[in-house]
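In this chain, numbering begins with 1 at the start of the sequence shown. Atoms within a ligand are numbered from 1 in the order they appear, just like the ligands themselves.
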Amino acid sequence: MPNSYAAPLADMRFALYDVLDVEPAFAAMGFTDATRELVDAVLDEGARFTQTVLAPLNEVGDRIGCTLDRATGEVTTPPGFKQAYAQYVEGGWAGLNAPVEHGGQALPHAAGVPLKEMIDAANLAWGNFPLLSHGATEALLHYGDEWQQQTFLKPLVEGRWTGTMCLTEPHAGTDLGLMKTRAEPNEDGSYSISGTKIFITAGEHDFTDNIVHLVLARLPDSPAGSKGISLFVVPKMRVARDGSLGERNGVRCGSLEHKMGIHGSATCVMNFDSAQGWLVGAPHKGLQGMFVMMNTARLAVGLQGLGLSDRAYQNALAYSRERLQMRSLSGVKAPDKAADPIIVHPDVRRMLLTCKALVEGGRVMGYHGALLVDQAHHGADEAARARADAWLGFMTPIVKACLTEWSLECTYNALQCYGGHGYIAEYGMEQLSRDARITTIYEGTTGIQALDLLGRKVMQLQGAGLQVMLEEIATFCDANADDAAVAPFIASLRDKAAQWQDLTMKIGRRAMANADEVGAAAYDYVMYSGYVALAYWWARSVVAANKSSNSSAFKSAKLETARFYFARILPRTEMHAAAMMSSADTLTTLHADAFDAT
Ligand SMILES: Cc1cc2nc3c(=O)[nH]c(=O)nc-3n(C[C@H](O)[C@H](O)[C@H](O)COP(=O)(O)OP(=O)(O)OC[C@H]3O[C@@H](n4cnc5c(N)ncnc54)[C@H](O)[C@@H]3O)c2cc1C
């Protein structure tokens with residue numbers, strides 16, 4: 001049975017229309033074109049494109065990968081990747097959410113987010129090529145000057161050029177303040193950029209004539225640390241003031257990384273040698289522009305985790321229904337067969353239900369993040385926009401950290417359902433596990449998302465986003481207090497909301513005495529938050545399913561999965577609560593030199 005992918009359209013529609021109720025939300029934000037008919041067409045066409053064009057290239061991308069011609073610095077992508085990109089551009093997919101004036105279709109992010117999930121599930125490595133164009137577009141929309149917007153946005157939005165995000169250097173990963181790439185001013189107002197960036201996704205490829213690098217570098221008079229970093233736009237091919245393409249710029253791929261997964265994605269060492277570039281935004285304020293890119297990209301990487309989890313789950317489910325091994329403990333279930341299908345065994349069901357609960361709940365959580373992006377920009381009034389923005393800021397690290405951590409768990413559980421057949425390459429399950437592994441690392445590791453959540457969004461910003469989340473939970477619980485179908489979930493959710501607030505205050509008090517308490521509690525706090533947020537979305541899913549026109553089998557599957565989630569996954573919060581409330585000393589006392597004491 002080859003590893004396959006079928007876009008879960010029914011559940012995507014359920015998340016969008018029934019749980020998140022996007023139709024009135026889009027109308028209220030003025031997205032009059034984003035009708036159900038149009039969004040359905042995007043879903044159907046997106047499913048066709050990803051299932052028939054991208055998914056079949058997933059295995060070949062892994063097996064053959066990208067190759068570099070060292071003489072020319074040109075990268076060749078795996079067979080079929082370039083043609084698939086041409087179809088993607090032809091289909092108008094590149095500019096789905098971008099403004100009309102720059103060649104886009106201005107659809108809400110929440111209408112485009114299922115396509116993103118489908119691309120990632122079908123072929124994560126391929127999806128990385130167009131991914132960073134969106135971040136580059138956002139950065140230029142926010143901070144680019146008129147010439148930069150006129151010159152770079154349309155080709156990016158139309159997919160004729162792609163974008164990159166060049167932050168990382170050999171000695172500067174998480175700590176960008178250490179970066180050394182230099183930018184010297186030229187007489188014509190441009191800059192000469194020199195330095196080496198590593199791990200640059202889609203830094204070089206054969207899809208398009210030009211690549212637009214968004215590069216962090218230091219001006220000669222820059223202060224030390226992260227306050228002295230500026231952002232530059234540096235095209236692969238020189239661009240004249242009139243927008244015409246010139247000769248090759250001084251930027252070149254020096255090598256390709258050999259890596260654990262996503263072999264079809266070009267991860268490049270990029271050498272900048274007096275490359276011509278232009279300052280984007282104010283001098284020394286480059287991190288602001290990069291954060292615009294990174295926030296979009298963080299939600300997007302969360303979606304990558306979701307897509308891989310879903311694909312792994314789909315395949316494991318099909319396999320578990322067909323694979324015959326042993327008899328059910330409670331009596332034979334398939335007397336006409338030599339053994340029962342493994343889906344009868346409680347432990348296999350544990351693994352499948354874990355995937356189902358994390359995928360379907362995670363889908364609503366991830367799509368809601370996209371809806372918050374829309375509401376933060378297009379909400380009815382200032383207060384609505386500020387509320388959405390606070391909630392979005394709070395949820396972004398949770399979506400990134402949890403959907404990616406869960407993708408490790410889901411791909412491993414799904415692989416385990418295959419037994420030894422999961423471990424060998426033939427069934428494609430080990431590729432999904434390897435591909436998933438990067439998602440907890442790039443765009444800020446889980447540890448860094450955790451610090452962003454607890455240190456910045458909760459401590460520095462006084463938990464504004466948490467308050468919105470808790471208010472939403474309280475409103476939901478009050479509104480559904482009389483609904484017997486969700487009564488146990490509501491009681492549990494109320495308890496967790498109270499505990500969430502209590503834990504947050506306790507950590508805040510401890511942090512005043514010892515700053516290490518934040519770092520020591522952060523990982524458990526982000527995971528705890530993800531599990532409580534998912535409980536909210538599962539309770540809402542049950543209510544939404546019961547009110548919807550879905551089949552009784554669908555409604556009952558939602559209810560049973562919610563029961564599983566509350567009984568068997570939500571209790572993980574107790575472990576995280578205990579861990580985060582243990583003193584930071586349990587982590588900090590052992591001296592660095594004493595780890596390997598003999
Ligand atoms: C396949 C791939 C694609 C990538 N694509 C891009 C790209 O397109 N553009 C780009 O610029 N970069 C890219 N990266 C780089 C990626 O974003 C970094 O690898 C990542 O941010 C971590 O940086 P690092 O590898 O230097 O690890 P380090 O920063 O050295 O971190 C090592 C470990 O220490 C932890 N750590 C560090 N500081 C702290 C702290 N203060 N508190 C707690 N823990 C801490 C980290 O969580 C991590 O576990 C890519 C990387 C890979 C592997």
Side-chain angles (χ1 to χ4, degrees), residues 61-62 65-66 75 124-136 139 162-181 195-205 211-217 225-226 229 231-232 234 251 253 255-270 272 286-287 289-291 293-294 296-298 300-301 304 397 400-401 404-405 408 434-456 515-526 584 587-588 592:
D62 184 56
C66 295
V75 166
L124 177 63
W126 183 92
N128 265 343
F129 288 93
L131 170 69
L132 294 172
S133 299
H134 302 303
T162 63
T164 74
M165 195 162 119
C166 298
L167 290 72
T168 308
E169 298 181 8
H171 46 275
T174 302
D175 191 350
L176 292 171
L178 298 173
M179 47 149 291
K180 293 180 182 159
T181 297
T196 299
K197 297 286 180 181
I198 62 165
F199 300 163
I200 303 308
T201 297
E204 184 58 77
H205 57 72
I211 300 173
V212 182
H213 303 288
L214 271 287
V215 184
L216 288 183
S226 58
I229 296 175
L231 180 63
F232 298 85
V234 183
V251 48
C253 175
S255 64
L256 285 177
E257 304 294 353
H258 298 277
K259 46 194 194 295
M260 179 178 180
I262 54 166
H263 295 157
S265 171
T267 307
C268 306
V269 173
M270 298 302 295
F272 293 82
L287 282 191
M290 268 297 155
F291 269 114
M293 294 184 77
M294 282 197 285
T296 326
R298 283 177 174 179
V301 174
Q304 294 189 337
K400 170 25 170 119
T404 61
E405 289 289 334
L408 307 189
R434 285 186 288 106
D435 286 355
R437 192 64 191 84
I438 186 58
T439 62
T440 66
I441 297 172
Y442 58 17
E443 292 308 333
T445 59
T446 302
I448 295 309
Q449 304 303 323
L451 275 183
D452 179 45
L453 178 70
L454 187 55
R456 205 175 115 67
D516 263 343
E517 292 287 353
V518 173
Y523 166 76
D524 289 294
Y525 188 85
V526 76
L587 292 172
T588 54

| How close does the nearest protein non-hydrogen atom get to atom 10 (C) of ligand 1, and which residue and atom is it? | Thr168 OG1, 3.3 Å
| query | Counting only heavy atoms on the protein side, is anything nearer than 4.0 Å to atom 35 (C) of ligand 1? | reply | no
| query | Just by modelled atom types, is the Thr440 backbone N or O under 3.5 Å from a matching donor or acceptor in the Glu405 side chain? | reply | no
| Contact with ligand 1 for Asn128, non-hydrogen, under 4.0 angstrom | no
| message | Give the atom numbers and elements of ligand 1 that come within less than 4.0 Å of a heavy atom of Leu132. | response | 8 (O)
| field | Any donor-acceptor N/O pair, Arg298 side chain to Glu443 backbone, under 3.5 Å | value | yes
| Looking only at protein heavy atoms, which one is nearest to atom 26 (O) of ligand 1, and how far off is it? | Gly173 CA, 3.1 Å
| message | Looking at Arg434, I'd like to know if its CZ atom is crowded, meaning that more than 12 non-hydrogen atoms belonging to other residues, nucleotides or ligands lie closer than 6.0 Å. | response | yes
| Would you say Leu167 has any N or O atom under 3.5 Å from an N or O of ligand 1, going by distance alone? | yes
| message | Considering Thr267, Leu451, Leu176, Leu131 one by one, which has a heavy atom nearer to atom 43 (C) of ligand 1 than any of the others? | response | Leu451
| remark: Nearest non-hydrogen protein atom to atom 45 (C) of ligand 1, with distance, is Ile448 CD1, 4.0 Å
| query | With atoms numbered from 1 as shown, which atoms in ligand 1 lie under 4.0 angstrom from a non-hydrogen atom of Ile441? | reply | 20 (C)
| query | Under 3.5 Å, N or O to N or O, is Thr201 touching ligand 1 that way? | reply | yes
| When you measure from atom 49 (O) of ligand 1 to every protein heavy atom, which one gives the shortest distance, and what is it? | Thr445 CG2, 4.3 Å
| note | To atom 25 (O) of ligand 1, the nearest of Tyr523, Phe199, Tyr442 on a heavy-atom basis is Phe199
| Okay, side chain of Glu204, backbone of Ala266: is any donor-acceptor separation there less than 3.5 Å? | no
| field | Nearest-neighbour protein heavy atom for atom 52 (C) of ligand 1, which is reported as residue plus atom name and distance | value | Ile438 CD1, 3.7 Å
| request: Please say whether more than 12 non-hydrogen atoms of neighbouring residues, nucleotides or ligands are located less than 6.0 Å from NZ in Lys259. | output: yes
| said: Check whether Thr168 reaches the backbone of Gly173 with its side chain - one donor and one acceptor, N or O, closer than 3.5 Å. | reply: no
| said: Looking at Gln304 and Leu124, would you say the former's side chain and the latter's main chain have a donor-acceptor pair under 3.5 Å? | reply: no
| query | Could any protein non-hydrogen atom be found less than 4.0 Å from atom 47 (O) of ligand 1? | reply | yes
| message | Using a 6.0 Å cut-off, check whether atom NE2 of His258 has over 12 heavy atoms from anything other than its own residue. | response | no
| remark: re atom 9 (N) of ligand 1, the protein heavy-atom contact at minimum distance is Met165 O, 2.7 Å
| query | Within a distance of under 4.0 Å, is there any protein heavy atom near atom 39 (C) of ligand 1? | reply | yes
| What part of Glu443, side chain from CB on, backbone N/CA/C/O, both or neither, has a heavy atom under 4.0 Å from ligand 1? | backbone
| query | Is atom 13 (C) of ligand 1 in close reach of the protein, with a heavy atom under 4.0 Å away? | reply | yes
| said: Looking only at protein heavy atoms, which one is nearest to atom 28 (P) of ligand 1, and what is the separation? | reply: Thr174 OG1, 3.6 Å
| field | Residue among Leu167, Leu214, Leu287, Val215 satisfying side-chain contact (heavy atoms from CB on, under 4.5 Å) with Leu231 | value | Leu214
